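Here is the structure we will look at.
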Amino acid sequence: MAAELTARLAKWRDPITFVREVLIDPESGRPFELYAEEITFLREAFRLTPDGRMQHTELCFSAGKKSGKTALAGMIVIYTAVVLAGQNGEIYCLANDLEQSNSRVFRAVDQIIEASPMLRSSVDVTANRIVFRSTGTFVAAVANDYQGFSGANPTANIYDESAYYTSESSRRLWDEGVPSPARKISFRLSVSTAGFDGEPSPLRDLYDRAMKHGELIATDLYRDDNFLCYWSHEMRAPWQTEAWVAEMRRTMRPSQFARLIRNEWVSSESTFIPLEEWDACVDPELQPILAKNSMPVWCGLDLGLKHDSTALLACAWDGERVRVVCHQIFIPVAGETLDVESTAEAAVLSLSSRFAVQSVFFDPWQGIALSQRLTRAGVNMVEWPQTLGNLSLMAGNLLELIKRRQIVCYQADDLRQAVAKTVAIESSRGWRLGKAKQSDRVDPVIALAMAALATIQAGRPGPYEFIRIPFSKYQAGVPVVAGSARQETIDAAEDARGRDSRLRMRNRHGKWAGV
């Protein structure tokens, strides 16, 4: 038995043979199929010196999304534990700033072992540790806590998505994870896609080293002394088909596609959506809707009291699409604070009298008093704090709706201008909508993002007939400044038409854009 095991380990010393003979892909139930660049990386990475030490103690494998990075890291962990570590090896899978407690690589290791008959009965598994009983070697998931990790004597440290090791604590966790000179087999492996220019990270340091000092020894494979780095901008994995790449290009913003698919470093600030994408969602035959009591609508309210504008926007379902029903913009008079009661509050109350308002999403930072008054008036005000998680969620939802043409809007110059000025501001922790210049007003897009998310989260209630009302009597697409001459003209004209019609809205301090 011992002789058989020795013979197997000798054969498995080649990592490719080990992967093919021992490991089973949990998704397919079949042996893993490595592509050429993975094979080259594995063979080069695990060349040993004549005295049995690692030639390359700093390893990096970086490629675009869905290139098999996490699975490859899982294979490396298991290969190291079974073939190289010997007695009492220590392998750590370290969490990044986003994961906090449990690395994706650790979960991949657990799943691969469970799917591989030759391994599953040889380990003891707990929530954060896998122990190989015959050798005492373990694989541990380590939380993002550098103090708890200090003092380890690692065989291998695995850092997943090291572009996200951007905080001081995660950087210290990286620094603590240097290979151990006391072990012949000890290395650090980073698997990741590219991050953001101007955001320091261990991955950026590795990339700069590879590009400045690395010798190209194979396709996309760089070597510099003890450092081996695979960095590719191409889709090498056979499952990354042209159709899949085309779909990613169609549904992602250009900067997202460049970073996540092409594995390129990008600026943290980029255009949210090309104007032609927005224009494709505009139906020139549509008009804003003034009133329909039976129509459920979901609203977003973005308050700007002094320097920004205030925007209120309502959405509803139109078949399978989200439709922009109407919107209103209030611009404070220069040097004055917006009168919230006579503008935003009055507009929400007016809206609730003309539609079946299901909810109004708002940021509680400046709107608590307003929401309390509106709640007492029977309006369902939903706090939507501007946390990065919430901002990413609503921005991503709006992007998806626009990209897939699942939102439709009437022509409105002010909305289009706001879209043109909206930028996506990204970091390793998420992304949000913002503006390139302080003077830009993107509040209508923020309100749209909140209203669209509220609509999607509520789900489609059923078909509703949309009414069409001529609005040629109003100037379309130009926001009204409170107290302006144009506002007074609109007020007088509205008063002359009578206040009791449910198909007219009170327009004292703003206008429903497009009407």
Side-chain angles (χ1 to χ4, degrees), residues 288-293 295-317 322 324-333 336-395 397-398 415 418 432-435 441-459 461 479-480 482 505-513:
I289 301 170
L290 283 185
K292 187 171 178 64
N293 294 101
M295 180 188 296
V297 298
W298 292 264
C299 306
L301 174 62
D302 189 55
L303 288 171
L305 302 184
K306 197 162 187 178
H307 302 293
D308 292 325
S309 61
T310 287
L312 175 65
L313 187 142
C315 286
W317 284 100
V322 173
V324 177
V325 173
C326 51
H327 74 280
Q328 193 170 11
I329 301 171
F330 304 99
I331 300 176
V333 175
E336 297 182 11
T337 300
L338 188 73
D339 182 349
V340 174
E341 290 188 38
S342 62
T343 55
E345 184 174 343
V348 172
L349 291 173
S350 172
L351 197 67
S352 63
S353 72
R354 293 176 285 111
F355 296 94
V357 173
Q358 304 299 295
S359 63
V360 178
F361 275 36
F362 74 102
D363 178 6
W365 183 60
Q366 295 186 109
I368 287 296
L370 169 66
S371 72
Q372 290 173 342
R373 294 193 298 270
L374 288 171
T375 298
R376 287 194 294 269
V379 180
N380 179 26
M381 301 295 293
V382 178
E383 291 188 14
W384 190 250
Q386 303 295 281
T387 63
L388 189 54
N390 284 347
L391 293 170
S392 295
L393 182 61
M394 71 187 202
N397 176 71
L398 181 58
L415 266 182
R432 61 183 176 85
L433 302 177
K435 51 189 177 182
R441 291 193 172 96
V442 301
D443 311 275
V445 178
I446 306 301
L448 171 60
M450 287 193 285
L453 180 64
T455 307
I456 290 294
Q457 287 184 339
V480 176
M505 65 156 290
R506 187 63 176 157
N507 203 9
R508 285 243 170 248
H509 301 282
K511 77 174 190 63
W512 289 101

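Numbers here simply count residues along the sequence, with the first being 1. Reckoned from all heavy atoms, side chains included, excluding hydrogens, waters and symmetry mates. Just so it is clear, the structure is predicted and the values come from calculations on it, not from any experiment.
Remark: Asn397 engages Leu401, Ala452, Leu453, Ile456 in a side-chain contact (heavy atoms from CB on, under 4.5 Å) (not counting sequence neighbours). Taking the side-chain contact (heavy atoms from CB on, under 4.5 Å) definition, one finds that Val382 meets it with Ser359, Phe361, Asn380, sequence neighbours left out.
Annotation: the span from Leu433 atom CG to Asp302 atom CG amounts to 10.5 Å, rounded to 0.5 Å. With values rounded to the nearest 0.5 angstrom, Leu391 atom CG is found 8.5 Å from Asp363 atom CG. Here CD of Gln372 is found 10.5 Å from CE of Met381. Values are rounded to the nearest 0.5 Å. Between Leu312 atom CG and Leu301 atom CG the span is 5.5 Å, to the nearest 0.5 Å. Note that CH2 of Trp298 and CH2 of Trp317 are 8.0 Å apart. Values are rounded to the nearest 0.5 Å. Once rounded to the nearest 0.5 Å, the distance linking CD1 of Ile329 with OG1 of Thr343 reads 13.0 Å.
For the pair Gln386 (side chain) and Trp384 (backbone), a donor-acceptor distance under 3.5 Å is present. In this structure, Gln358 contributes its side chain and Ala356 its backbone to a donor-acceptor pair below 3.5 Å. Looking at Ser350, its side chain never comes within 3.5 Å of a backbone N or O of Ala346 through a donor-acceptor pair. At least one donor-acceptor pair under 3.5 Å links the side chain of Arg354 to the backbone N or O of Leu290. Of the possible polar contacts, one joining the Ser371 side chain to the Ile368 backbone as a donor-acceptor pair under 3.5 Å is found.
Counting only heavy atoms from C-beta outward, the side chains of Asn293 and Ser353 never approach each other to under 4.5 Å. Within the 4.5 Å cutoff, the side chain of Leu313 has no heavy atoms near those of the Met450 side chain. Under the 4.5 Å side-chain criterion, counting only non-hydrogen atoms from C-beta, Leu374 is in contact with Glu345. Between Phe330 and Ser309, every side-chain heavy-atom pair lies at or beyond the 4.5 Å cut-off. Side chains of Leu370 and Val348 form no contact here, defined as non-hydrogen atoms less than 4.5 Å apart. Inter-residue side-chain proximity for Met394 and Ile446 is flagged as met; some heavy-atom pair is nearer than 4.5 Å. In this structure, the side chains of Leu415 and His327 come closer than 4.5 Å at one or more pairs of heavy atoms. Side-chain atoms of Leu398 and Val445, non-hydrogen and from C-beta on, do get closer than 4.5 Å to each other.
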Steps toward side-chain contact (heavy atoms from CB on, under 4.5 Å) verdict (Cys299, Leu351): CA-CA 9 Å; Cys299 306; Leu351 197 67; 3.2 Å; yes

Met295 and Ile289: CA distance, side-chain angles, deciding distance, side-chain contact (heavy atoms from CB on, under 4.5 Å) verdict: CA-CA 10 Å; Met295 180 188 296; Ile289 301 170; 3.9 Å; yes

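The heavy-atom pair separating Phe362 from Gly367 by the smallest distance is CE1-O, 3.6 Å. Contact detail for Ala311 and Ala447: the closest heavy-atom pair is O-CB, 3.7 Å. When all heavy atoms are compared, the tightest approach of Ala316 to Val297 is CB-CG1, 4.1 Å. Taking all atoms of both residues into account, the shortest heavy-atom contact from Val442 to Ala418 is CG1-O, 4.0 Å.
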